[in-house]
2 protein chains.
Amino acid sequence: MEKVGIKDIAARANVSTATVSYVLNGTRNVRPKTKERVLKVIEELNYRPNDIAKSLKSNRTNTIGVIAEDVTVFNVPEIIDGINDYADRYDMHILLTNLRLQKRIGYNYSKMEDYRKYAQDAVSNLLSKQVEGIIYIGVHPRDLTGLVNTYNKPIVYTYCYANDAKSVQYNDEQASYDAVNYLVSKGHSRIGVISGLMDSIPSRLRFNGYYKALTEFQLPFDPQFIKVGDWGLDSGYRLAGELLSLADPPTAILVMNDLMAAGALRCASEQGVVVPRDLSIVGFDNREFSAYLSPSITTVELPLHDMGILAMKSLASMISGDGEVIDETPLCRLIERESVAAPRTAGK
Amino acid sequence: MEKVGIKDIAARANVSTATVSYVLNGTRNVRPKTKERVLKVIEELNYRPNDIAKSLKSNRTNTIGVIAEDVTVFNVPEIIDGINDYADRYDMHILLTNLRLQKRIGYNYSKMEDYRKYAQDAVSNLLSKQVEGIIYIGVHPRDLTGLVNTYNKPIVYTYCYANDAKSVQYNDEQASYDAVNYLVSKGHSRIGVISGLMDSIPSRLRFNGYYKALTEFQLPFDPQFIKVGDWGLDSGYRLAGELLSLADPPTAILVMNDLMAAGALRCASEQGVVVPRDLSIVGFDNREFSAYLSPSITTVELPLHDMGILAMKSLASMISGDGEVIDETPLCRLIERESVAAPRTAGK
DNA sequence: AAGACAAAGTGAAACGTTTAGAAAAGGGGA
DNA sequence: TCCCCTTTTCTAAACGTTTCACTTTGTCTT
């Protein structure tokens, strides 16, 4: 029962360790009879190859590192699931590092320096473990590329934009454009927007999409219709209130996440504004709760699973060095639910 | 820039590899001057120790395997976060295996045999990778203990009950009892229950808690008040309907998950039954949406993070073989929200 | 200055595999 | 039966560390 290795097998089967290795990996022909004998011993002794030794010799670990800023954030698990999906097909294993950003430093931006250290430590550890590449999931890609490249390992970012390395993202601007397009197709022309914080790239891209659609459809751009929130439910609540109290309020609002959309919904409900009859709302994220609120929220679903798959696919091709460049962009999907209807004014 | 190892350091610093190793690990005294010289070379050559080689020699990988049936299921990420929390303190790394049960076989119970194979393969792979122990997160602990024990590695289950190994669970029965207790304290005496599928252990435990509280407070046990659902929103909707249509309906319902509670809420709302004025509802799970529905749902929060911590703590003590037995049970917490109030009949 | 003892440094084996290159065995035709 | 070619098997080095047992160096006491 103690530590059986290839040597023990060899001894007991009266062959050399080389032969056992060949049987194990099928790297060379082995006479059927010998093979059988070896396999029998392997079975008897409950032998299991030691991947550590294997890795040392072969210089391949079949393992990649995945660094997540926070595994508990709503969109991360699905990305990991996507990575896994693709990794499984290539027998790649995942060494997971959870930075636990939120719990460790909260949203305290003054501690961002600490965070850089966490991230770099994480990379260091993974490199020591000889991962063949790294995928980073999060919004703060903190100076990791140089570190990783020093050791000739590839890194792929997802859920964030990295300008010094491959990053897998979805079509943010297009999705926003499409959402507005959808509202227009329902007959809306007075469309407001509640954005997230403007230091976030998705906010800006989504705003671009909104703006692009507006000009394209020759709709008036009213500065009063632009509200900047902070991603939180309360800000959605407050800003929806501001929009509704305008002399001539919008008939539809594009809200850049479901949380703020939920706030907007609550605000409307309290003011007796009936959604979708009096006001249409489109959110972003397709958070779980969006389906359960009443009315349920029409929202833009992010292609998280596909992002995971593509991130892994890109990494895999970098690892194999086949020069193939993966540059697909997974697409968002609009989930139609109850919070959008034709505006009342648009006489049916 | 090519593959620098301890030998290169040794050569360049004019010492033996042994000395370099001692510098690196502080395993023995090294003259400050020598040490400095070695460290300088390490810096210059950008040397990073190879943990694979280290592991081979030392027979320790500082890595555990975590097997999750589905990382995307709502409660899993938080458990992983807990595992991580504790693992970090001991510099343990996590090799994550996601079985992807739902996506691979759905809830098709005829394919459960396939699933057993997935699970056992996962364990096999992890063992080959020389993990020092395994944590299994899920509801179907499929004959894994024997396999793992064959190689003298410990395994800990969580989120499920395993009768042949350590498993970390929360106080299901007590939580249910407490919830009923809470309702009673609000003045309720006619308390119905919508349970999950009865082949699930939590369903039965929660039912026990419910029953225990009823008898303890000498409340009538009315079989009509007991409804068995299937954990889905629709079943909550339907069964709440059945309860409300009783001649003398309950004034409160203990619902065994938030999804069914949301269904119950919807049913009540459609029937003009005002929650919590006419009906109180308590859920389980503290799902994200529970806070955003109106009324928001009072619910039992599962100690997921703590379960992760304890699972890892148990595993760590098994690995170190210090004989310490961890048998704490993390506790649920009742989150008071809007869906519970005193019954109208209970004259204030 | 010599001796004794502690401290620092070294050489080499070992961990469990893979894989060249070499040797041995098998098989077919004459 | 012998030779030659193919197939199978073996020997041994290598992967990058750690660590044991040993040697060398340094320091203190007298």
Side-chain angles (χ1 to χ4, degrees), chain A residues 1-39 41-42 45-63 125 127-132 151-153, chain B residues 1-39 41-42 45-63 125 127-132 151-153:
Chain A
M1 180 76 65
E2 274 319 312
K3 294 258 108 201
V4 11
I6 216 173
K7 277 185 203 154
D8 307 287
I9 305 297
R12 210 156 194 270
N14 267 307
V15 292
S16 70
T17 60
T19 303
V20 177
S21 177
Y22 296 138
V23 169
L24 243 25
N25 304 300
T27 345
R28 265 203 205 177
N29 276 341
V30 174
R31 193 150 13 119
K33 221 167 157 183
T34 322
K35 188 169 180 176
E36 195 186 348
R37 188 152 35 102
V38 170
L39 288 174
V41 176
I42 286 179
L45 297 193
N46 240 308
Y47 167 76
R48 178 178 306 288
N50 180 331
D51 281 352
I52 295 291
K54 218 160 165 164
S55 293
L56 179 58
K57 189 69 200 7
S58 66
N59 203 19
R60 295 219 45 189
T61 53
N62 287 313
T63 302
N125 283 327
L127 289 174
S128 286
K129 287 225 167 280
Q130 308 296 113
V131 295
E132 303 190 6
Y151 297 93
N152 288 315
K153 302 274 165 102
Chain B
M1 180 75 67
E2 275 316 311
K3 294 256 106 200
V4 13
I6 216 174
K7 276 184 203 159
D8 306 288
I9 306 296
R12 210 156 194 270
N14 268 309
V15 294
S16 69
T17 61
T19 303
V20 177
S21 176
Y22 294 139
V23 169
L24 244 23
N25 305 299
T27 347
R28 262 204 207 174
N29 277 340
V30 174
R31 194 147 17 114
K33 222 171 158 180
T34 322
K35 188 168 179 175
E36 196 185 344
R37 188 154 33 103
V38 170
L39 288 175
V41 176
I42 286 179
L45 299 192
N46 241 307
Y47 168 76
R48 178 179 304 292
N50 181 329
D51 280 353
I52 295 290
K54 216 161 167 163
S55 293
L56 180 59
K57 188 70 197 16
S58 66
N59 203 19
R60 293 218 50 189
T61 54
N62 287 313
T63 302
N125 283 327
L127 289 173
S128 286
K129 287 225 166 283
Q130 309 296 113
V131 296
E132 303 190 7
Y151 298 92
N152 287 316
K153 303 274 164 101

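Here is how names work: the chains are called A, B, and so on, in the same order as the sequence lines, proteins then strands, and each is numbered from 1. Side chains are part of it too, since the values below use all heavy atoms of this structure and drop only hydrogens, waters and symmetry mates. Quick caveat, the model's predicted, so the values are computed rather than measured.
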(request) Please tell me which of the listed nucleotides, D:dT17, C:dA22, C:dT17, lies nearest to the side chain of B:Lys57? (result) D:dT17
(message) Suppose we call a contact any N or O donor and acceptor under 3.5 Å apart; does that hold for the side chain of B:Tyr22 and the base of C:dA7?
(response) no
(request) When you get a sec, tell me which of D:dC10, D:dC22, D:dG16 is the closest nucleotide to the side chain of B:Arg28? (result) D:dC22
(message) Whole angstroms only, please: what is the CZ-P distance between A:Arg48 and C:dT17?
(response) 12 Å
(request) Go through the steps for A:Val38 and A:Val30 under the test side-chain contact (heavy atoms from CB on, under 4.5 Å), then give the verdict. (result) CA-CA 10 Å; A:Val38 170; A:Val30 174; 6.0 Å; no
(request) Find the distance B:Lys3:NZ to D:dG16:P and express it as a whole number of Å. (result) 6 Å
(request) Take the protein atom CD1 of B:Ile52 and the nucleotide atom P of D:dT18, then report the distance between them rounded to whole Å. (result) 13 Å
(message) If I take atom CD1 in residue A:Ile6 and atom P in nucleotide D:dC15, what distance separates them, rounded to the nearest angstrom?
(response) 18 Å
(message) So, taking the atom named CG in A:Leu24 and the one named OG1 in A:Thr17, what distance separates them when rounded to the nearest 0.5 Å?
(response) 11.0 Å
(request) For B:Lys129 and C:dT17, give me the distance from atom NZ to atom C1', rounded to whole Å. (result) 13 Å
(request) Go through the steps to decide whether B:Thr63 and A:Lys129 satisfy the test side-chain contact (heavy atoms from CB on, under 4.5 Å), and finish with yes or no. (result) CA-CA 10 Å; B:Thr63 302; A:Lys129 287 225 167 280; 3.5 Å; yes
(request) Taking only the side-chain heavy atoms of A:Ser16 (C-beta and beyond), determine which of C:dT10, D:dC15, D:dC10 contains the nearest atom. (result) D:dC10
(message) Between B:Asn50 and B:Ile52 (side chain of the first, backbone of the second, donor and acceptor by atom type, cut-off under 3.5 Å), is there such a pair?
(response) yes
(message) Any base atoms under 4.0 Å from A:Asn59, or only sugar-phosphate, or nothing? Heavy atoms, all strands.
(response) nothing
(request) Round to the nearest Å and state the distance from A:Ile9 atom CD1 to C:dG16 atom C1'. (result) 12 Å
(message) Check the phosphate of C:dT10 against B:Thr19, side-chain N and O only, distance under 4.0 Å to OP1 or OP2. Yes or no?
(response) yes
(message) Without decimals, in angstroms, what is the distance between A:Arg60 CZ and C:dT17 C1'?
(response) 16 Å
(request) Return the value, rounded to whole Å, for the distance between atom NZ of A:Lys54 and atom P of C:dT18. (result) 5 Å
(message) D:dC15, OP1 or OP2 - any side-chain N/O from B:Asn50 closer than 4.0 Å?
(response) no
(request) Report the nucleotide, chosen from D:dT9, C:dT17, D:dG16, that has the shortest atom-to-atom distance to any side-chain atom of A:Leu56. (result) D:dG16
(request) List the steps and the verdict of side-chain contact (heavy atoms from CB on, under 4.5 Å) for B:Val15 and B:Arg37. (result) CA-CA 10 Å; B:Val15 294; B:Arg37 188 154 33 103; 4.1 Å; yes
(request) Consider only side-chain N and O atoms of B:Asn29 and B:Tyr22, and report whether a donor and an acceptor are under 3.5 Å apart. (result) no
(message) For DNA chain D, which residues of residues 29-37 of chain A approach it to below 4.0 angstrom with any heavy atom?
(response) A:Asn29, A:Val30, A:Arg31, A:Thr34
(message) Using a heavy-atom cut-off of 4.0 Å across all strands, would you classify A:Asp51 as base, sugar-phosphate, or nothing?
(response) nothing
(message) Whether A:Glu132 and A:Arg60 form a salt bridge (side-chain N of Lys/Arg under 4.0 Å from carboxylate O of Asp/Glu) is what I want to check.
(response) yes
(request) Could you go through the side-chain contact (heavy atoms from CB on, under 4.5 Å) check for B:Lys54 and B:Asp51 one step at a time? (result) CA-CA 5 Å; B:Lys54 216 161 167 163; B:Asp51 280 353; 3.8 Å; yes
(request) Report which part of the nucleic acid B:Ser58 touches: base, sugar-phosphate, or nothing (heavy-atom distance under 4.0 Å, all strands). (result) nothing
(request) Could you tell me whether A:Asn14 contacts a base, only the sugar-phosphate backbone, or nothing, with contacts defined as non-hydrogen atoms closer than 4.0 Å? (result) sugar-phosphate
(message) Side chain of B:Thr17, heavy atoms from C-beta onward: which of C:dG16, C:dT10, D:dT18 has the nearest atom to it?
(response) D:dT18
